[in-house]
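Chain naming here is simple, since letters A, B, ... match the order of the sequence lines and numbering starts at 1 in each. Computed over heavy atoms, backbone and side chain alike; hydrogens, waters and symmetry mates excluded.
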Amino acid sequence: DGGITQSPKYLFRKEGQNVTLSCEQNLNHDAMYWYRQDPGQGLRLIYYSQIVNDFQKGDIAEGYSVSREKKESFPLTVTSAQTNPTAFYLCASSKGTRIYTFGSGTRLTVV
Amino acid sequence: DQQVKQNSPSLSVQEGRISILNCDYTNSMFDYFLWYKKYPAEGPTFLISISSIKDKNEDGRFTVFLNKSAKHLSLHIVPSQPGDSAVYFCAASSEPGAGSYQLTFGKGTKLSVIP
C-alpha cells in the first residue's frame, strides 16, 4: 500500500543537539511538506519541496534545515538554533493537487 | 496574522444530531478550501473540499458550505457518530504563481460526539 512513513514516532533531544526526522513516501508524489503542530495551534509550514534538489522556506523555517536528494525522501533536521523544538511534526506530500497525504507524525521532546 | 480562523476550540454534540463546524478566512485570494480530520498522535486525513466556484459540496454525511461574500465556510456532519470525535482542521489555498500548492490551516476545532 502506498503512503508516507515518518520515523521515529517519538524522539527525545538534548539541548544543543541536532536531530533528523525521517519522511519517506512511495506515492510518486512530487511535492513534499513539513509542518509543525503545537498544542491549541494549527499546522504551520516549515519547509516544502516541489522537485528533487529544490526546496523553499515556509513560515517558520528558522532553526530547521531540509534536503531533497531523492523524490521519495524529505528529511527534516531540527538544529540547535531552534529554541523551542518540542512539538508534533507532520510530513505531507501531494501530486499536482491541493489534497495532501499526511504521515502519522513524529513527537519531538527536548529533555 | 491568522488568515484562516476557527473560533470555536471545541464543540460537543449528541449522537445522531447535527455537528456544525465553522471557519472564517481573510485572504480573498483563497479559492479552494479543505477539511481535515485528525485523531490524537496521528496525521490529519482529508475529509472533503470545495472550490470557490461552488457554494456546496456533499459527500455522504459530510457537507461543506461556502459563503464567499462573508468569507465563511462550514462543515455539517449529519448524523453525528461517536467515531466522528476528533479535531477538525479547516485549510485554504490559492492558485500558486509558480510551483506547488500551499495550504494554510486554522487552529482546529475539537468535536466530541456524546453517545
Side-chain angles (χ1 to χ4, degrees), chain A residues 3-11 21 23 25 27 29-52 54-61 68 74 87-109, chain B residues 1-10 21 23-27 29-54 57 59 64 86-110:
Chain A
I4 296 184
T5 301
Q6 289 188 242
S7 61
K9 194 169 181 66
Y10 299 95
L11 186 58
L21 285 61
C23 178
Q25 54 99 358
L27 298 166
H29 285 178
D30 297 304
M32 296 187 74
Y33 311 82
W34 274 105
Y35 282 86
R36 167 179 171 146
Q37 184 191 13
D38 294 282
Q41 300 293 317
L43 281 62
R44 293 183 291 167
L45 182 64
I46 305 172
Y47 268 97
Y48 65 101
S49 168
Q50 302 167 47
I51 56 172
V52 174
D54 185 57
F55 47 83
Q56 285 79 41
K57 293 181 179 180
D59 301 321
I60 55 166
R68 186 87 185 277
F74 191 40
F88 189 57
Y89 290 87
L90 286 160
C91 180
S93 68
S94 69
K95 187 175 180 67
T97 77
R98 302 186 233 204
I99 298 175
Y100 292 3
T101 300
F102 281 88
S104 57
T106 293
R107 180 161 300 281
L108 173 64
T109 304
Chain B
D1 179 29
Q2 261 192 287
Q3 297 187 70
V4 177
K5 301 177 185 178
Q6 294 177 257
N7 292 320
S8 298
S10 62
L21 293 88
C23 179
D24 297 292
Y25 62 96
T26 58
N27 188 341
M29 299 301 292
F30 287 148
D31 66 345
Y32 196 81
F33 305 88
L34 308 91
W35 286 93
Y36 279 83
K37 176 180 179 180
K38 185 182 180 301
Y39 294 115
E42 294 185 11
T45 55
F46 170 72
L47 196 56
I48 193 170
S49 63
I50 188 167
S51 165
S52 60
I53 62 173
K54 295 185 176 181
N57 188 27
D59 184 1
V64 56
V87 176
Y88 289 78
F89 288 100
C90 173
S93 87
S94 54
E95 189 69 37
S100 66
Y101 295 108
Q102 292 179 45
L103 298 184
T104 301
F105 287 85
K107 292 186 176 183
T109 296
K110 183 177 181 180

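Between B:Q3 and the choices B:N27, B:T26, B:D24, the side chain to side chain donor-acceptor pair (under 3.5 Å) rule is met once, by B:N27.
At a 4.5 Å heavy-atom cutoff, the contact between B:Y32 and chain A is made by backbone and side-chain atoms alike. Using a 4.5 Å cut-off between heavy atoms, A:L43 touches chain B through backbone and side chain atoms alike. The parts of A:I99 that come within reach of chain B are both its backbone and its side chain, each placing non-hydrogen atoms under 4.5 angstrom from that chain. Proximity to chain A is limited to the side chain of B:K38, based on heavy atoms less than 4.5 angstrom apart. Heavy-atom distances place the side chain of B:Y36, and not its backbone, under 4.5 Å from chain A. Contacts of B:T109 with chain A are absent, with no heavy-atom separation under 4.5 Å from either backbone or side chain. Using a 4.5 Å cut-off between heavy atoms, B:L34 touches chain A through its side chain atoms alone. When heavy atoms are compared at a cutoff of 4.5 Å, A:R107 does not approach chain B at all. In this structure, the portion of A:Q37 lying under 4.5 Å from any heavy atom of chain B is its side chain and not its backbone. For A:T97, the part lying under 4.5 angstrom from a heavy atom of chain B is the backbone only.
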- prompt: Hey, mind stepping through B:L47 and B:Y88 against side chain to side chain contact (heavy atoms under 4.5 Å, CB included) and telling me if it holds?
  reply: CA-CA 9 Å; B:L47 196 56; B:Y88 289 78; 3.6 Å; yes
- request: Could you give me the CA-CA distance, side-chain angles and deciding distance for B:V64 and B:W35, then say whether side chain to side chain contact (heavy atoms under 4.5 Å, CB included) is met?
  value: CA-CA 9 Å; B:V64 56; B:W35 286 93; 3.5 Å; yes
- request: May I have the step-by-step check of side chain to side chain contact (heavy atoms under 4.5 Å, CB included) for B:Y25 and B:K5, ending in yes or no?
  value: CA-CA 6 Å; B:Y25 62 96; B:K5 301 177 185 178; over 6 Å; no
- request: Before giving the answer on side chain to side chain contact (heavy atoms under 4.5 Å, CB included), spell out for A:R36 and A:R44 the whole-Å C-alpha distance, their side-chain angles and the decisive distance to 0.1 Å.
  value: CA-CA 5 Å; A:R36 167 179 171 146; A:R44 293 183 291 167; 3.8 Å; yes
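Comparing B:S49, B:G43, B:A91, B:P44 by how many heavy-atom pairs each has under 4.5 Å with chain A, the most go to B:P44.
Contact annotation: the side chain of A:R98 approaches that of B:L103 to within less than 4.5 Å [non-hydrogen atoms, C-beta and beyond].
Between A:F74 and A:F55, the gap from one ring centroid to the other reaches at least 6.0 Å.
For the atom pair CZ of B:F46 and CZ of B:F89, the computed distance is 16.0 Å after rounding to the nearest 0.5 Å.
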